[in-house]
Protein chains: 2
Amino acid sequence: MDDTKPEQVKSIADLARIGGVSVSTVSRALTGKGALNKGTRERIQALADRHGFKLNVAAQNLRLGRTGAIAVLLPLGHERGQHLSDPFFMAMLGFLADALTDRGYDLLLSRVLPQGDDWLDTFIRTGRTDGVIIIGQSNQSAVLDRTAAHYAPMVIWGEQSSRNAHVTVGTDNQAGGALAAQHLVARGRRRLAFFGNVAVPEFAARYQGFVAALPADLRDTVELVHTHITPEASLEVATAWFAAGNRPDGLFAASDVVAMSLLSAATDHGLSVPGDLSIIGFDDIPMARLANPPLTTVAQDIEGGARQLVDLLFRRLAGEDAGSISIAPRLVIRESS
Amino acid sequence: MDDTKPEQVKSIADLARIGGVSVSTVSRALTGKGALNKGTRERIQALADRHGFKLNVAAQNLRLGRTGAIAVLLPLGHERGQHLSDPFFMAMLGFLADALTDRGYDLLLSRVLPQGDDWLDTFIRTGRTDGVIIIGQSNQSAVLDRTAAHYAPMVIWGEQSSRNAHVTVGTDNQAGGALAAQHLVARGRRRLAFFGNVAVPEFAARYQGFVAALPADLRDTVELVHTHITPEASLEVATAWFAAGNRPDGLFAASDVVAMSLLSAATDHGLSVPGDLSIIGFDDIPMARLANPPLTTVAQDIEGGARQLVDLLFRRLAGEDAGSISIAPRLVIRESS
DNA sequence: TTGATTTAAGCAAACGTTTGCAATCATCGC
DNA sequence: GCGATGATTGCAAACGTTTGCTTAAATCAA
């Protein structure tokens, strides 16, 4: 005879009543914390299972003075009005979700359109989360610095700099830029351009590293073309640029998406890649190899980066004053160069 | 003289003490609910601002019997062991985040690897969120149905079917498949194949709609090629398929990412698109136009879909018994067909 | 001036947990 | 048989809010 009780068990108190014990006993049985007779513990656990009862995490967290959630913020300061769907973010987000889940934390996702210089503090003060991971500095470095001064559990995916007061995890973008430069030069390319938005620290570093690694005679001729990194924007910029008659032989893009736009625009203008010109991207998103031709690119270790972000955050949550981490990029040579 | 007090204000009680009022007054001042003298309300609000105090949402939610968060789950039942970074998800996620933020809710993101048939109920019973949005049925329709029977605030992005006990929002995939079929036939294509995983209801419907819309003599010759939808998997399948000597003249892919793999593999085998064969994708991700050649595809209204998902969820949260919603697809003709 | 009416603000009990401390009880050494 | 010890369990106060009810104060009409 299955003696299932239809009665709704909504709280530890209900279960205590049914089980003929006190709420504290139920709590200890279900959390496994505190001393409790093995028999009763098992009896209560079985009872909870039978009634499909689970502890209410909200109440639990309130009592424990934590929220059990980490916020992942995507600041869209530099892409105002544009929606962002770069595969890079999805990959990063996926790995972050997994790493946080492993530690028993929830991932609270928020896209923020930075307003004024108070959006971050305001968010933090609501106490919604125990810590914050921010993907990209966007153009908000000053805000991040200000908050970092009084709020420890915050780490940023982005460009590391001695000028930063905030803690970062990120690819060594200068080194990445240098890899691209050396590769193009080795291919004999001399009419070069960089496509990206240097108001974003990460992209600025890629550009600087690129230029700095060029031989002196090329350094002054490399063109900087401003573009947002959405497919729409970058395709438009690239198309207009080729239409204006520009005929480069080596292009370095701030991201793979931008590189794919360049590829598309170049083809449209009758140029052959890599026959007439080489194109190099940045990120190595999974789709980079699907480009036609497959994209040469500077790879970021997204999975490793996500793990490091989470590690660092939890070390800081534990009170440790852990510092920024830089990850080496890697050149992936395919057929677009 | 700025009379800032350095004193830490951690709760409504602290503020009440400082302001010389009761906690209830502070609560009413800060929430704007309940009758309160305009003067005191403003005075307390100013005081709160000055001390940088924000209500603790966790406690607020506990008291209000809600969590203020909606879970977005990505079940990876059919992509076990593969990480998923399809731009489609990112686009969907972004729009969902915005729609939920507009309503004052947080988005709790979780990728789940379905274990057994209890993962969903277990998640829900923890009371972490007020409602659940699930992106894609994956191969978990049975689980969804079981939960839907006793849990109302749940909506699924996916394939609608009279066999479903769960509520869906999604593109009319059969109609989408039909659009692809009609287009290929109009182009005079006759040696056809579909690439996808028909264990996933959405893809199955695309395939069925595709086949059903073909003229009778073609219906039996269309090949069904099984592939997962990650770039890695689909590129491998496509490459092997062409290598085996298959020479189709019309391909319909379950997603744009798969279509781009087909494009890449076809080019590798010396085939010209659309000269030798036409390729059609599904989704119209922002990068579809960056493919080389730009991809003809069946567009899903991702933004509209996200809005409908959220709308529907909140209607159900309010107790309304609102039903499934189907969204019409749209054929976007570019240069791959 | 008085009593009735309106308005403003406080009291205290919830929401569902956790946990320090106290209480109970069986067991044990002598 | 008795006090001491250790193992279990219960009591009740927190965590930071919201809100029904009550009280106090102010306003008003007559």
Side-chain angles (χ1 to χ4, degrees), chain A residues 7-45 47-48 51-69 104 106 124-130, chain B residues 7-48 51-69 104-106 124-130:
Chain A
E7 185 179 351
Q8 267 275 53
V9 178
K10 309 187 68 76
S11 75
I12 227 177
D14 293 348
L15 205 63
R17 198 167 18 74
I18 298 177
V21 294
S22 73
V23 286
S24 15
T25 301
V26 176
S27 171
R28 287 191 260 257
L30 266 37
T31 58
K33 288 197 272 186
L36 201 57
N37 180 283
K38 197 167 162 235
T40 26
R41 165 160 296 156
E42 283 166 1
R43 187 168 63 83
I44 300 299
Q45 283 177 344
L47 196 65
H51 287 267
F53 175 77
K54 287 267 175 185
L55 290 173
N56 177 317
V57 263
Q60 189 172 45
N61 288 333
L62 174 62
R63 172 63 230 224
L64 295 178
R66 49 166 241 171
T67 69
D106 288 326
I124 289 171
R125 280 206 308 261
T126 60
R128 234 186 291 262
T129 62
D130 296 334
Chain B
E7 186 179 349
Q8 267 276 53
V9 178
K10 308 187 69 75
S11 76
I12 226 177
D14 293 349
L15 205 62
R17 197 167 19 73
I18 297 176
V21 293
S22 73
V23 286
S24 16
T25 301
V26 176
S27 171
R28 287 191 260 257
L30 265 37
T31 58
K33 289 197 270 186
L36 202 57
N37 180 285
K38 198 167 162 233
T40 25
R41 164 160 297 155
E42 283 166 1
R43 187 168 63 82
I44 300 298
Q45 284 176 345
L47 196 65
H51 287 266
F53 175 77
K54 287 266 175 186
L55 290 173
N56 177 317
V57 262
Q60 187 173 46
N61 288 333
L62 173 63
R63 171 63 230 226
L64 295 178
R66 49 165 241 171
T67 69
Y105 275 72
D106 288 325
I124 289 171
R125 281 204 310 259
T126 61
R128 234 185 291 262
T129 62
D130 297 332

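Each chain gets a letter, A, B and so on, in the order its sequence line appears, and its residues count up from 1.
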Student: Using a cut-off of under 3.5 Å, enumerate the N/O to N/O pairs linking the protein to nucleotides 15-18 of chain C.
Tutor:
{"unit_1": "dC15(C)", "atom_1": "O2", "unit_2": "R63(B)", "atom_2": "N", "d": "3.4"}
{"unit_1": "dT17(C)", "atom_1": "OP1", "unit_2": "N56(A)", "atom_2": "N", "d": "3.1"}
{"unit_1": "dT17(C)", "atom_1": "OP2", "unit_2": "I12(A)", "atom_2": "N", "d": "2.8"}
{"unit_1": "dT18(C)", "atom_1": "OP1", "unit_2": "Q60(A)", "atom_2": "NE2", "d": "2.6"}
{"unit_1": "dT18(C)", "atom_1": "OP2", "unit_2": "S27(A)", "atom_2": "OG", "d": "2.4"}
{"unit_1": "dT18(C)", "atom_1": "O2", "unit_2": "R63(A)", "atom_2": "NH1", "d": "2.5"}

Student: Students often get this wrong, so: under 4.0 angstrom with heavy atoms, is V57(B) touching a base, only sugar-phosphate, or nothing?
Tutor: nothing
Student: Show the nearest heavy-atom pair for residues G127(B) and V57(A), with the distance to one decimal.
Tutor: C-CG2, 4.3 Å
Student: Atom CG in L47(A), atom CG in L15(A): separation rounded to 0.5 Å?
Tutor: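 Those atoms lie 4.5 Å apart.
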Student: When rounded to the nearest 0.5 angstrom, what is the spacing between CD1 in I44(A) and CD1 in I12(A)?
Tutor: 10.0 Å
Student: So which of V23(B), I18(B), T25(B) actually passes side chain to side chain contact (heavy atoms under 4.5 Å, CB included) with V21(B)?
Tutor: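 With V21(B) as partner, V23(B), I18(B), T25(B) yield a single side chain to side chain contact (heavy atoms under 4.5 Å, CB included), made by T25(B).
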Student: Between protein and nucleotides 4-6 of chain C, what N or O pairs are separated by less than 3.5 Å?
Tutor:
none

Student: Between dA8(C) atom P and K38(B) atom NZ, what is the distance in whole Å?
Tutor: 12 Å
Student: If only side-chain N and O atoms count, and only distance matters, is there a donor-acceptor pair under 3.5 Å linking D130(A) with T67(A)?
Tutor: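 Result is yes, a qualifying pair exists.
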Student: Of the non-hydrogen atoms in R41(B) and R28(B), which two are nearest, and what is the gap between them?
Tutor: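 The answer is NH2-O, 3.2 Å.
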Student: For a quick test of reading the model, state the closest non-hydrogen atom pair linking T40(B) to L36(B) and the distance between them.
Tutor: OG1-CG, 4.3 Å
Student: Do Q60(A) and N56(A) have side chains that approach each other closer than 4.5 Å (heavy atoms only, starting at C-beta)?
Tutor: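 No, their side chains stay 4.5 Å or more apart.
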Student: I want to check something: taking the side chain as every heavy atom from C-beta on, are D14(A) and F53(A) in contact at a cut-off of under 4.5 Å?
Tutor: no
Student: Is T40(B) near enough to dA8(C) that one of its side-chain N or O atoms lies under 4.0 angstrom from OP1 or OP2?
Tutor: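 For T40(B), the contact criterion (side-chain N or O under 4.0 Å from OP1 or OP2 of dA8(C)) is not met.
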Student: Does R128(B) reach the main-chain N or O of A69(B) with its side chain, forming a donor-acceptor pair under 3.5 Å?
Tutor: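 Between the backbone of A69(B) and the side chain of R128(B) there is no qualifying donor-acceptor contact (under 3.5 Å).
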Student: Is the phosphate of dG10(D) approached by T25(A) (side-chain N or O, under 4.0 Å from OP1 or OP2)?
Tutor: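 Yes, T25(A) has a side-chain N/O under 4.0 Å of OP1/OP2 on dG10(D).
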Student: Under 4.0 angstrom, heavy atoms only, what part of the nucleic acid is A35(B) near: base, sugar-phosphate, or nothing?
Tutor: nothing
Student: In Å, rounded to the nearest 0.5 Å, how long is the span from CG of D106(A) to OG1 of T126(B)?
Tutor: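 Between atom CG of D106(A) and atom OG1 of T126(B) there are 8.0 Å.
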Student: I'd like a list of close polar pairs between nucleotides 22-28 of chain C and the protein, N/O only, cut-off under 3.5 Å.
Tutor:
none

